[in-house]
Structure formats: structure tokens, C-alpha cells
Amino acid sequence: MQLIASRTLSQPDDSFPAPCKVREVLFRSDHGGFILYRLSRAAASDADERLIRLNSRQALIWINEGVGAERLSDPLENHD
């Protein structure tokens with residue numbers, strides 16, 4: 001696996017007074033696909049980890065969202 005890009009974002013969370021911290025890391029697998037690792041943490045004891053498989057188009061959309069993105073879109077959404 002090869003690390004392609006990573007970013008850390010703050011995202012509002014209605015259930016907590018402080019914004020939720022989101023860490024995303026994009027990897028390229030040895031088989032040519034992409035894997036997005038997403039860690040959401042609203043509090044020290046509350047974390048949500050996910051691994052999402054992406055195709056090349058989805059990975060490019062994720063990269064182009066940029067570091068300053070205010071909203072995290074799901075890379076599996078239909079972007080037609």
C-alpha cells in the first residue's frame with residue numbers, strides 16, 4: 001500500500017458543543033484500487049473508524065475536494 005494524501009478537518013456535530021475532528025487518509029492498494037481510512041472523533045472516548053474502497057474517479061473527487069472543504073461528502077455519492 002502507498003499513502004497518497006491525508007487531511008484533518010473540523011466538522012460541526014449537533015450532538016456535541018465542540019466540532020467533530022475528522023482524519024482522512026487515502027491509500028493506493030497494491031492491486032490498483034484506493035482505500036480511504038476515515039476517523040471521526042467528537043470526544044476522546046467517542047470515535048468512528050471506517051475503511052471505504054474507492055475507484056479512481058472517486059479518489060480523484062476526494063483529492064479535489066481540498067483541505068479547506070467545509071462539508072465532507074461521502075465519496076460513494078453519485079457525482080453526475
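Positions are given from 1 along the sequence.
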Atom [atom1] in [X], atom [atom2] in [Y]: separation rounded to 0.5 Å?
| X | Y | atom1 | atom2 | value |
| --- | --- | --- | --- | --- |
| I35 | R50 | CD1 | CZ | 14.5 Å |
| S6 | E24 | OG | CD | 10.0 Å |
| R53 | L36 | CZ | CG | 12.5 Å |

Next item on the list: Mark yes or no: R7 above the aromatic ring of W62, with NZ or CZ under 6.0 Å from the six-membered ring centre and no more than 45 degrees from the axis.
Entry: yes
Next item on the list: With sequence neighbours left out, write down each residue that passes side-chain contact (heavy atoms from CB on, under 4.5 Å) with I4, or none if nothing qualifies.
Entry: Q2, L26, R28, F34, I63
Notebook entry, point to check: Any chain of hydrophobic side-chain contacts (each under 4.5 Å) joining L51 to L54?
Noted result: no
Item checked: Same cluster (ILVMFWY, side-chain, under 4.5 Å), L39 and V25 -> yes
Check: Do the side chain of D30 and the main chain of M1 share a donor and acceptor less than 3.5 angstrom apart?
Finding: yes
Check: Side chains of K21 and S40: does their closest heavy-atom pair fall under 4.5 Å?
Finding: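 Side-chain contact under 4.5 Å: no.
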Notebook entry, point to check: Under 3.5 Å, is there a donor-acceptor pair linking the side chains of Y37 and E49?
Noted result: yes
